[in-house]
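In what follows, a structure is listed as structure tokens, so that the remarks can point back to it.
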Amino acid sequence: MTLRQLVRELADRAAPGSERAGPEVTRLVAESAAPSPELAELLESGLGALRRLGLGVAELGALPGSRAALFGKALERADAALSRANLRDERGDPWLAASAVDDQTLPGVTELAVAAWVRLGSAELRLLERLHGLLRERGGGVSVVFPGLSGEESARAVEAEQGRLEARWASANDAPSITREAERAAASVKLCVRRTTNMASEARAAVRAVQECLAAGGKLDRIAIVPLELSEAFLEELRSALRSARLPFSEPRGRPPIAGPNVHATLELLRLVGGPIRRDALLDVLAAPGLRPARWFGSDGRRGLLSLRELLARTPVSFDRDGQLLLERARVLEQQRKRPDEHGAIGGLTRLLEDLMRIGRRSTRAALVRDFSELVAELGLLELAPRTLELALSEHQAGSPGLLTALSDDGRGAEALSVALARLVDAAERLGLGDEQVSPLELSRELTRAIEGGGAARGAARAAAIAVAQPSEVAGLELDLAVVCRASAACFGKSGAGSAQ
């Protein structure tokens with residue numbers, strides 16, 4: 001099992017009846033404890049760091065300085081809010097798990113080996129020490145196993161972490177053992193660095209490297225593409241390049257809920273509600289494949305929609321507070337046509353802006369979610385038309401799975417969006433914030449965080465397929481090729497103070 005799974009099981013046992021608070025809850029708690037809304041995200045991040053370090057209100061109260069006092073009061077208010085709702089912040093679960101180790105932990109286990117591919121925090125180390133004490137009573141113990149890497153840079157990194165643990169346990173009479181795998185020669189590892197000009201060329205370069213490896217006798221399931229920056233923009237370019245090359249691939253991390261075009265358009269629509277109006281975001285909404293334009297453009301909706309998209313693309317206004325300047329410029333361009341407003345583009349834009357302003361007033365989260373959900377339902381953004389599914393299936397049979405993949409992404413994303421909206425309303429009620437009024441922009445930020453907390457559904461690790469995965473998912477595997485993408489100076493730690501590990 002993973003260490004995270006073990007932590008969750010032990011923490012659930014240590015706090016029976018309490019539930020783990022998702023990020024949408026911890027963000028609301030931070031907003032209620034912060035001196036101003038602008039500091040909520042910073043405070044939420046700081047409280048998370050304190051919980052990971054195991055610092056509570058008592059420890060902060062013993063520290064000098066106004067900053068410790070500020071965080072101590074915020075942490076106390078956050079703990080009280082979570083306790084009233086019978087919730088707990090899972091970022092403190094490793095410490096809770098360490099306190100839960102007893103004779104019933106890991107029954108029948110005497111030896112525990114931990115693969116030290118990542119830096120272990122103080123809470124995880126405390127948990128391993130408690131487990132070691134338990135397993136020693138059973139005649140076994142805990143072993144921390146480091147990879148046997150050779151080469152100056154990799155060896156230095158492993159030795160530094162190994163030295164840190166040895167120093168921590170140097171004075172202990174009976175500490176976990178620290179071992180290292182047999183050293184592997186680095187001479188067989190061939191390193192090739194390629195520079196590219198943009199994301200599309202980088203994706204094509206990654207696919208070329210894969211094709212060269214396959215031509216030399218490499219195996220599909222021993223090839224991994226490892227993006228250091230998991231931006232959806234690059235991943236879409238990579239997926240497109242892999243499909244064009246007809247190479248099977250899988251994403252063990254799963255695709256994010258916002259990958260679907262209609263889900264993306266729905267989130268953009270929420271950001272537009274109440275302003276400011278961004279022309280490009282508005283075009284994204286109008287280009288959504290599932291959009292039913294009848295609400296804004298009447299019975300001849302499709303022609304009116306296309307006409308408005310053409311007008312907006314020519315409009316020089318890219319940012320407008322309430323959309324009125326954008327509307328005025330669109331009117332001017334429409335009057336320059338030979339047959340102005342033939343398809344009702346201006347009327348459609350007017351009704352669209354009225355909808356945005358109507359829902360854009362501050363209200364409770366429940367009311368905003370209800371009004372916005374009703375608008376999305378009438379626009380059909382998250383519904384699947386039978387004709388669209390039929391077209392996707394026919395294209396898939398013809399060897400073009402792109403539309404079917406997009407529909408699959410939208411299906412998962414719509415479910416994640418629905419769950420996130422319900423969680424936001426439920427979190428506000430549980431924390432006693434049901435009557436608090438928020439703006440659509442604030443709701444949009446909270447929704448984005450709630451969707452991230454839901455997590456991407458983990459995809460199937462297909463056999464005979466290239467893995468598109470994070471570094472931690474392929475570290476230690478025997479591979480014929482690992483293509484590391486999106487590597488820049490920002491991705492790596494620098495020497496000196498404050499360096500990233």
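Position 1 is the first residue of the sequence, and the numbers go up from there.
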- Message: Which residues pass the side chain to side chain donor-acceptor pair (under 3.5 Å) test with Thr179, not counting sequence neighbours?
- Response: none
- Hey, does Leu433 have a side-chain heavy atom less than 4.5 Å from the side chain of Arg365? yes
- Task: Output all residues satisfying side chain to side chain donor-acceptor pair (under 3.5 Å) with Asp371, sequence neighbours left out; order by chain, then residue number.
- Result: none
- Note on the structure: Ser363 meets the side chain to side chain contact (heavy atoms under 4.5 Å, CB included) criterion, sequence neighbours left out, with Ala367, Leu368
- Residue pairs passing the side chain to side chain donor-acceptor pair (under 3.5 Å) test with at least one member in residues 55-77, sequence neighbours excluded, are none
- Message: For the CD atom of Glu446 and the CZ atom of Arg27, what is their distance to the nearest 0.5 Å?
- Response: 7.0 Å
- Query: Are the charged groups of Glu44 and Arg91 less than 4.0 angstrom apart, N to O?
  - Reply: yes
- Item | Residues forming a side chain to side chain donor-acceptor pair (under 3.5 Å) with Glu237, sequence neighbours excluded | none
- Task: State which residues pass side chain to side chain donor-acceptor pair (under 3.5 Å) with Arg278; sequence neighbours excluded, sorted by chain then number.
- Result: Glu268
- How would you list, by chain and number, every residue that makes a salt bridge (Lys or Arg N to Asp or Glu O under 4.0 Å) with Glu166, sequence neighbours excluded? none
- Atom CZ of Arg164 with >12 non-hydrogen neighbours under 6.0 angstrom: yes
- Message: Can you list everything that forms a side chain to side chain contact (heavy atoms under 4.5 Å, CB included) with Val376? Sequence neighbours excluded, please.
- Response: Thr266, Leu269, Phe372, Leu381, Leu382
- Query: Got a sec, which residues hit side chain to side chain contact (heavy atoms under 4.5 Å, CB included) with Arg445, two or more places apart in sequence or on another chain?
  - Reply: Leu441
- Task: Only counting residues at least two apart or in another chain, list the ones meeting salt bridge (Lys or Arg N to Asp or Glu O under 4.0 Å) with Asp320.
- Result: none
- Task: With sequence neighbours excluded, tell me which residues meet side chain to side chain contact (heavy atoms under 4.5 Å, CB included) with Trp296.
- Result: Leu286, Leu291, Arg351, Leu352, Asp355, Leu379
- Can you run down the side chain to side chain donor-acceptor pair (under 3.5 Å) pairs that involve residues 46-55, sequence neighbours left out, and say none if there aren't any? Arg51-Asp79, Arg51-Asp89
